[in-house]
Every structure is written in C-alpha cells, then in structure tokens.
Amino acid sequence: MIAILGAGSLGRLWAATLPAGQVAFVPRPGQAPEPARYRFQPLVGESFSVTVPWLQRGQSPELLLVTTKAGDTLEALKAALPSIASSTPIVLFQNGLGSQQQVAATWPQRPVLAASTTEGANRPEQGLTVHAGCGATWVGALNPTGQPLVNRVAQQLAESRLEVHPEQDILGRLWQKLVINAGINAFTAVLDCPNGEILEQPFYQRWINPLCREISHLLAAVGQPEHTPEALRESIEAVARRTATNTSSMRADVLAGRPTEIDFINGYLARLGQQHGIATPVNQMLTERVQQLN
Ligand code: NAD
Ligand code: KPL
C-alpha cells in the first residue's frame, strides 16, 4: 500500500496512475472516512472515475508520498507520522527548497527522500483532476537512511507508468528547478501574466540580471555547480519561452486566493543570503511583492 498525504492535484495524479487498490490518502485528523471520488482526465484518452480510500488506523503503508504545499508539509507530517512505521520511506514532492530540509532535520532517523517532477496536474473544477503536462520525475535520498531505498522507491513510482528516474544528486536537481522558479514564478505573479510575457516587461528586464547575480553567488556559497549570471538568465528564459502560454503555479495560487510557495523559492534564497552574508535585495523584494498579493 502506498499512502499519499495531500489529496490535491499532484496527489490525485499519483493516486489515479498508480495501480488501483494499492493507494490510500492519509486523512487529516478527524476527516470523514468516505473514500475520495473524482474524475481523472489523462493526457490522452477518455476521462475515468477514481475512488481512493483513506488510510485506516493500524494500516501500515510501505511508502508515503507527501504532496502537500511546501508551507503545509511540516504540520501535515507532524499529524500523520505518529501512526506510520519509522521505517516507511517518506518522499517529498514540494517545489522550492527549505521544507525538505525541515523534514529531514525533524525526523533524522526516518528514510527521507525527495522528488522533483515536471509532470503537471490541476483541478479546473470541483471533482475533476487533469493531467495537464507530460514530464518526468526524479527521486533521490535526502539523508543516509533514505539512500539504499532510492531504486526501490523509483520502481514503485514507475508502476504508475509515469516516467521516473532514480537520482543520486536530488539536491542538485531541486536547485536547478529552484533557479527556474525563482526567475519566473514571482514575476508572473506580480505582473499577472503568462510565463512568456514576463520577457517583454520592463519590471522583469530591470531586475533579472541583478537577480541572476544573487543566485550565482548563492550557488557558489552552497557548493552547487557554479553558473554565470548570464547562463542562469539563459536557462530561465529558455523555460519561459518553452512554457510561454502557461500560468505559473504561483500566479495560479494568487488568482485563486491561495497562499503561494514564495517563502520556499525567492524567500528561501533571501534567507540563505542572510546566513551566508550575501546580499539578496532582489530576492527579498520579489518575496515581499508576492506576499503583498495575498
Ligand atoms: P494542491 O494545493 O492541489 O494540493 C495540496 C493538498 O494538500 C490539498 O488537497 C490540501 O488540502 C492538502 N493538505 C494541506 N494540508 C494538509 C494536511 N495537514 N493534511 C493532509 N492534507 C493536507 O497542490 P499541488 O498542486 O498538488 O502541489 C503540491 C506540491 O507539489 C507543491 O509543493 C507543488 O509546488 C508541487 N508540484 C505540483 C505540481 C502540479 O502539477 N500540481 C507539479 C510539480 C510540483
Ligand atoms: O514550474 C513551474 C511553475 O509554474 O511552478 C514553471 C516551470 C514556471 C512552469 O510554469
């Protein structure tokens, strides 16, 4: 049995694609016991209905996928983990950085892994989950206890028929995604535009080079492969062009009145700058601008 904590878009994508009967959502304390029912629209083919039971007391999952938003993850795990065996691998799917380290530091004895995924899922209306973008998922260990489990966990996730790869350097991969999200998401939220349109906007053009300089210093300070600010800008803009018509996850959160993950993207980079004595005024400014939108 694979348990999924966070029955939102990404959790429902995994629940719909993993073999039926082998998945359960982890309930919030006191949550109604009726199974979760929804329609699922795959990338190709007809939509179908999915029914996922809630994990029962005493049931011990062999794997726990955590698909809450970054800001909810620690509290969600604090409530869920007391009834889950300490040997069960925990796989964290959150965007950005910061929440993963909090979890690994809070439960150092448990096997903690992280996943970075470019799959896309959303819920355009109540009761419907759409697999909106075909991507791939990389999974790797965040602590030594998780290390020997990486291949097995990747195989279990691959039973979904989604593309899954074991990753030796998951932190590096999370950093790569963080750089892209730091250079796109906040701009799209502040400017209220699709990803590609930021490139033409004076606010983006004013701040992207100083932002990339900050990120370049931070990468060097934390021992990640060094990149020039120009190379960072190029990779950010390649993704902005490739996803030109997309609404970023952060803009979508703002438009829906949900909390954003800014504290784990530009906010994380600003905090890291303070720790390493690196000035990060642009990350700080973008963090504050997005916080003001909620
Ligand atoms: P979502 O808001 O749709 O889902 C999160 C779910 O967690 C919600 O159903 C919420 O009710 C639930 N939740 C919150 N607190 C909880 C608690 N204490 N106990 C149990 N459940 C709780 O978000 P999402 O789009 O599924 O994204 C989840 C994470 O995955 C985010 O960090 C996001 O950045 C990342 N991600 C999402 C996608 C995607 O396509 N949706 C792709 C890549 C990464
Ligand atoms: O990951 C994304 C997000 O929206 O969070 C990008 C790459 C910006 C695509 O929209």
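A quick note: this is a predicted structure, and the numbers were derived from the prediction, not measured. Just so you know, ligand 1 is whichever comes first in the structure, and atom 1 is the first atom listed for that ligand. Numbers for residues simply follow the sequence, beginning at 1.
Expressed to the nearest 0.5 Å, how far OG1 of Thr280 lies from OH of Tyr268 amounts to 12.0 Å.
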For residues 286-294, tabulate all N or O donor-acceptor pairs below 3.5 Å that involve a side-chain atom, not counting sequence neighbours.
unit_1	atom_1	unit_2	atom_2	d
Thr287	OG1	Gly267	N	3.1
Thr287	OG1	Asn283	O	2.6
Glu288	OE2	Gln284	NE2	2.7
Gln291	NE2	Asp263	OD1	2.9
Asn294	ND2	Arg258	O	3.0

Sequence neighbours left out, cut at 3.5 Å: what donor-acceptor pairs do the side chains of residues 189-201 make with other protein atoms?
unit_1	atom_1	unit_2	atom_2	d
Asp192	OD1	Arg251	NE	2.9
Asp192	OD1	Arg251	NH2	3.3
Asn195	OD1	Ser248	N	3.4
Asn195	ND2	Thr243	OG1	2.9

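Scanning all protein heavy atoms for the shortest distance to atom 8 (C) of ligand 2 gives Asn185 OD1, 3.3 Å. Residue, atom and distance of the protein heavy atom nearest to atom 10 (O) of ligand 2 are Asn195 ND2, 3.0 Å. For atom 7 (C) of ligand 2, the nearest non-hydrogen atom of the protein is Val239 CG1, 3.9 Å.
Nearest to atom 6 (C) of ligand 2 by heavy-atom distance, out of Ile184, Asn181, Asn246, Thr243, is Asn181.
Following chains of ILVMFWY side-chain contacts shorter than 4.5 Å, one cannot reach Phe25 starting from Leu92, and the two form parts of different hydrophobic clusters.
Side-chain contacts under 4.5 Å among hydrophobic residues (ILVMFWY), followed directly or transitively, place Leu128 together with Val130.
When each atom of ligand 2 is checked for a heavy atom of Ser248 under 4.0 Å away, the hits are 4 (O), 10 (O). Taking every heavy atom of Asn95 and a limit of under 4.0 angstrom, the matching atoms of ligand 2 come to 5 (O). Listed by number with element, the atoms of ligand 2 under 4.0 Å from a non-hydrogen atom of Ser249 are 3 (C), 4 (O), 5 (O).
Figure legend: Arg12 and Tyr38 shown as a cation-pi pair, the cationic atom lying under 6.0 angstrom from the six-membered ring centre and within 45 degrees of its axis.
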Given Phe187 and Trp207, is the ring-ring contact (aromatic ring centres under 6.0 Å, His included) satisfied, shown in steps?
CA-CA 10 Å; Phe187 288 109; Trp207 295 113; 8.9 Å; no
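Between Leu18 and Leu65 there is a side-chain heavy-atom pair separated by less than 4.5 Å.
Side chain of Glu214 to main chain of Val282: a donor-acceptor pair is present (N/O by atom type, distance under 3.5 Å, no hydrogens or angles).
For ligand 1, residues of the protein lying within 4.0 angstrom by heavy-atom distance are Leu5, Gly6, Ala7, Gly8, Ser9, Leu10, Arg28, Thr67, Thr68, Lys69, Ala70, Asp72, Ala76, Phe93, Gln94, Asn95, Thr117, Glu119, Gly120, Ala121, Arg123, Glu261.
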